[in-house]
Protein chains: 2
Amino acid sequence: MKALSKPREGVTIYEVAKRAGVSIATVSRALRDSELVTPQTRERVRAAAAELNFTPSRLGRSLAEGRHAANGIVFPDLVGPYYAEVVLGYEQVAAELGRSVLIRATHGRADADAQVLEMAARVDGMVIMGRSVADDVVARIAATGLPLVLLSRDPVSDVDTVRPENDTTARELARHLVGHGYRRFAFLGDPAAAPDVAGRYAGLAAGLKEAGVRVPDPVPCAFELEAGRSAAAGLLACRPRPRVIVCANDELALGALTAAGEAGLRVPQDVAVTGWDDLMAARFAGLTTVRQPMRELGATAARRLHEQIEARPAKRTGRQETLPTELVLRTSCGTHTMG
Amino acid sequence: MKALSKPREGVTIYEVAKRAGVSIATVSRALRDSELVTPQTRERVRAAAAELNFTPSRLGRSLAEGRHAANGIVFPDLVGPYYAEVVLGYEQVAAELGRSVLIRATHGRADADAQVLEMAARVDGMVIMGRSVADDVVARIAATGLPLVLLSRDPVSDVDTVRPENDTTARELARHLVGHGYRRFAFLGDPAAAPDVAGRYAGLAAGLKEAGVRVPDPVPCAFELEAGRSAAAGLLACRPRPRVIVCANDELALGALTAAGEAGLRVPQDVAVTGWDDLMAARFAGLTTVRQPMRELGATAARRLHEQIEARPAKRTGRQETLPTELVLRTSCGTHTMG
DNA sequence: CGTGCCAATGAAAGCGCTTTCAAAGCCTCG
DNA sequence: CGAGGCTTTGAAAGCGCTTTCATTGGCACG
């Protein structure tokens, strides 16, 4: 595996051909294990390639084959463990399917749309997660016929979508909390910021309404622990103080726990807190939350995408897939339910 | 931004040229904002391109330009928040530098070497993290002249390396724990599994030796919470029981905390536990740990790589960079030091 | 020994761009 | 009115592969 000769940059198939004394066609065939070459020739070519430390240019190959053998995933951010898990699930499946993986976090950047279009030109298909790019960009990419899957995002025209279940579990959470006797609710998170938050808030609101409990207005808040802490501190200073703060995700909830501690309040005796996602930290913070199949979301999106890519020319099916979630009860919502 | 005409697949520059009534050279120039085109021509070309929903093929462009405008990062795994943070830092900087990002987790797969070589053919430079691939693969890639940066990995020939500081902080941790009066140490983690673990163990051992405390043999253990839990359970069943379990990372330490709880032991009164990384969960578990500049590690690697790419033809400098780490004291190592 | 076939190989045409070099058109100025 | 210099555009040559199609040579068979 060592480079015997001068490992100059950009060794091409022509140099291998010359060294092996064959044509480039034969080199290509030999290195791709075609049946059309004698074992002896194959060996000679292999040897020449090894001596030159030759790796075929992926560009040349892709251009000739008309495919990238790569797919991409776009997500709003990688801060916090949630997205990382999704990307992990995606990468793992994509790798098994023999595809390279491109990633792009948009971070709400102004040039996000351009970056996503650029990615679209590099891949055989892509997954777009959450509200990372504008609808018209999604539509435009879809219009090119590029295989596309939306993840945790409201459907756009007839593009396939994969999402976690939000409504049912949110109602269940509402019922559970009402069962604790709580009546003064607060909701931390901006339904306009992400489709998932909208779904969670809607489910919670529906559950509360059913139980005859007043539905709180959502308190918008960035998706970071620190933002959750300060927003929760504000809520806890209100009179009457909310009896329970339902947070749109675990990071906010962890921030709320911190704020409660700083305000000298006990959880759950003085104020209950719940989250969403079931991050590792939630377990150690005793946080009641809703477990998301994060890795499975990424993996499922990768599989759907692969199906589309293999099924070219793709007819968009507009398939909607919803993955189940699970209420995880811990101490932060009330002690008598502790498991 | 809508597609006016039939959005057939694979619109090429030739069709745009025909529609705009110019040559492909002019199309290329117009779309790339070259000075060599009249504003009127540019507009005509733009309009034609928009009508056809044309996006230039990245393959054609890269092949012609001789560059991918992409770089890659290879890491052992994405499980757990540590690697995710590193990748995040990497992606962010790479994006700012206008580069696409490819990722690959090797998961200890048998075909990891092939996958990494495949990535090498797709990028203008890459970062290899930890013990994700064999040394000879690294050497082989380096031999092609591809810009390369190693992250948290022992140097290979004269390839640039970026690493967190392990030794000094590990000694500091040792001194601190000895200061608590602890004498029976245990170390959870396999120094052979990752260069960082080796460095941490070595530093700890050096610190203990200086203090005249017996150095424990490391207890190998996979990098997962569950593995940490069961390994720690085994340790806690030993007689005499170790007074403190130093874990190679936070996930193991969180597992150890779980095991202690299950064994009915109080932390830190009966047994102290420390970790490494300062994950979000560590904060809520009260875990004493060593904070790693994870995001900064990724960002730094991205910058070093970019420097190499820009400086082609690259002369390898073999630069070694070490990023500082910080001891974070919480309750799990002993109450009197709580901050 | 000649004919016909099959297996192995080579020549060359793309794949979709960028860029060099040449040509064409238009001004300006003598 | 013609020469020379710009500016703008086009033709064509790659970039490094894969693959089709043609060619070559060897062998079996008549």
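Chain A is the first sequence line, chain B the second, and so forth, proteins listed ahead of strands; every chain is numbered from 1. Side chains included, hydrogens not; waters and symmetry mates left out as well; all remaining heavy atoms used. Values in this document were obtained by computation on a predicted structure and should not be read as measured data.
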Handout entry: Nearest heavy atoms of A/A70 and A/L102, plus distance in Å
Key = CB-CD1, 3.9 Å
Fill in the blank from the handout: A/H68 atom NE2 is separated from D/dC17 atom C1', nearest whole Å, by 15 Å
Completion exercise
The answer to which of A/T26 and B/L63 contacts DNA chain D further toward the 5' end, by nearest nucleotide, is B/L63
Completion exercise
Quick note, B/R29 side chain, CB onward, closest among C/dT9, D/dG10, D/dG16 is D/dG10
Completion exercise
Note: for B/I13 and B/L36 on DNA chain C, the residue whose nearest nucleotide lies more 5' is B/I13
Handout entry: B/T12 vs C/dC15: side-chain N/O to OP1/OP2 distance below 4.0 Å
Key = no
Practice task
Report the nucleotide, chosen from C/dT19, C/dC15, C/dG10, that has the shortest atom-to-atom distance to any side-chain atom of A/V22.
Solution key: C/dG10
Practice task
Would you indicate which nucleotide in C/dG10, C/dC15, C/dC17 comes nearest to any side-chain atom of B/S57?
Solution key: C/dC17
Fill in the blank from the handout: Of C/dT9, D/dT18, D/dC17, the nucleotide closest to the side chain of A/V37 is C/dT9
Exercise for the section: For A/R58, answer base if it contacts any base atom (sugar-phosphate contacts may also be present), sugar-phosphate if it contacts only those atoms, and nothing otherwise; contact means non-hydrogen atoms under 4.0 Å. Expected result: nothing
Practice task
Answer yes if the side chains of B/H68 and B/D124 hold a donor-acceptor pair under 3.5 Å, and no otherwise.
Solution key: no
Completion exercise
Closest of D/dG16, C/dT9, D/dT18 to the A/I24 side chain is D/dT18
Exercise for the section: Calculate the interatomic distance between B/Q40 atom CD and D/dT9 atom P; express it in whole Å. Expected result: 8 Å
Exercise for the section: Check the distance between C/dA8's P and A/E35's CD and give it to me in whole angstrom. Expected result: 10 Å
Practice task
Looking at every strand, decide which applies to A/S62 at a 4.0 Å heavy-atom threshold: base, sugar-phosphate, or nothing.
Solution key: nothing
Handout entry: Selection from D/dT8, D/dT18, C/dG10 that lies nearest to any side-chain heavy atom of A/R61
Key = D/dT18
Practice task
Using only side-chain N and O atoms of A/R67, determine if any of them is under 4.0 Å from OP1 or OP2 of C/dC15.
Solution key: no
Exercise for the section: Please determine if A/D135 and A/R140 form a salt bridge, counting it only when a charged side-chain N lies under 4.0 Å from a carboxylate O. Expected result: no
Practice task
Answer yes or no: is there an ion pair linking A/E321 with A/R163, defined by an N-O contact shorter than 4.0 Å?
Solution key: no
Practice task
Round to a whole Å and report the spacing from OH of A/Y14 to P of D/dC17.
Solution key: 9 Å
Exercise for the section: Might you point out which heavy atoms bring B/R319 and B/D160 nearest each other, and give the distance in Å? Expected result: N-OD1, 2.9 Å
Practice task
Please check the phosphate of D/dT8 (OP1 and OP2 only) for any side-chain N or O of B/T41 closer than 4.0 Å.
Solution key: no
Exercise for the section: State whether B/S28 places a side-chain N or O below 4.0 Å from either non-bridging phosphate oxygen (OP1 or OP2) of C/dT19. Expected result: no
Handout entry: Gap between atoms CZ and P, on B/R122 and D/dC17 respectively (whole Å)
Key = 14 Å
Practice task
Report yes if at least one side-chain N or O of A/R32 is closer than 4.0 Å to OP1 or OP2 of D/dT19; otherwise report no.
Solution key: yes
Problem - Closest-nucleotide ordering on DNA chain C, the 5'-leading residue of A/P39 and A/A25 - result: A/P39
